[in-house]
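Below: one structure, written as structure tokens.
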Amino acid sequence: MEKAHTKSALKAKDDLKDPLYDKSKVAPKPFAKENTKPQEFKLHTGQRALKRAMFNYSVATKIYMNEQQKRQIERIQKIIEEEEVRTMRKEMVPRAQLMPYFDRPFFPQRSSRPLTVPREPSFHMVNSKCWSCIPEDELYYYFEHAHPHDHAWKPVK
């Protein structure tokens, strides 16, 4: 470092001794600047703190309202359950059946409906083949004649 400093000092001295050195070419010394005052600046920390406080308040109120709503629902459910238990207890009390009226005895009466006519069940086996093996014509014939009133079993053509 010292060598660089000494070289620049020697160079300056050489410039002064140089006959071609002109004082008019030398730049004038700049004026000393006045002391500057720092500008005021605003930080957003105050605004952010206010917004954060408002946000925290809104979150806290929301949580509080949810808890209040849950408590209210639990209270209502508890009241409903207590009422159900109360009604069940009333219903579960054993009660004696009423005494039958012996002064008016029961006499069964004959029904006015006609008697049922028995008929033989139709267990028709179509050549003891499986349903998928029967041709469509025979199947249609079977369903048409075996079940004339049953339209749900007719094959679609």
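Fair warning: this is a prediction, and the values are worked out from it, not measured in the lab.
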Q. Does the salt bridge (Lys or Arg N to Asp or Glu O under 4.0 Å) test come out yes or no for Glu83 and Arg86, once each step is laid out?
A. CA-CA 5 Å; Glu83 189 63 32; Arg86 197 174 297 126; 2.7 Å; yes
Q: Determine whether Lys90 and Thr87 make a side-chain contact, defined as any pair of heavy atoms from C-beta on separated by less than 4.5 Å.
A: no
Listing, residues 40-54 side-chain donor-acceptor contacts under 3.5 Å, not counting sequence neighbours, or none:
unit_1: His44; atom_1: ND1; unit_2: Gln47; atom_2: OE1; d: 3.1

Q: Mind checking side chain to side chain donor-acceptor pair (under 3.5 Å) for Gln72 and listing every partner two or more places apart, or none if nothing turns up?
A: Arg75
**Q.** Heavy-atom neighbours of Asn35 CG exceed 12 at 6.0 Å
**A.** no
(Q) With rounding to the nearest 0.5 angstrom, report the CE to CD distance, Met88 to Glu81. (A) 11.5 Å
Q: Rounded to the nearest 0.5 Å, what's the gap from CD on Glu84 to CD on Glu91? Could you check?
A: 10.5 Å
Q.
Hydrophobic cluster membership, with links at side-chain heavy-atom distances under 4.5 Å among I/L/V/M/F/W/Y: are Ile63 and Phe55 in one?
A. yes
Q.
To the nearest 0.5 Å, what is the distance between OG on Ser112 and CZ on Arg110?
A. 11.0 Å
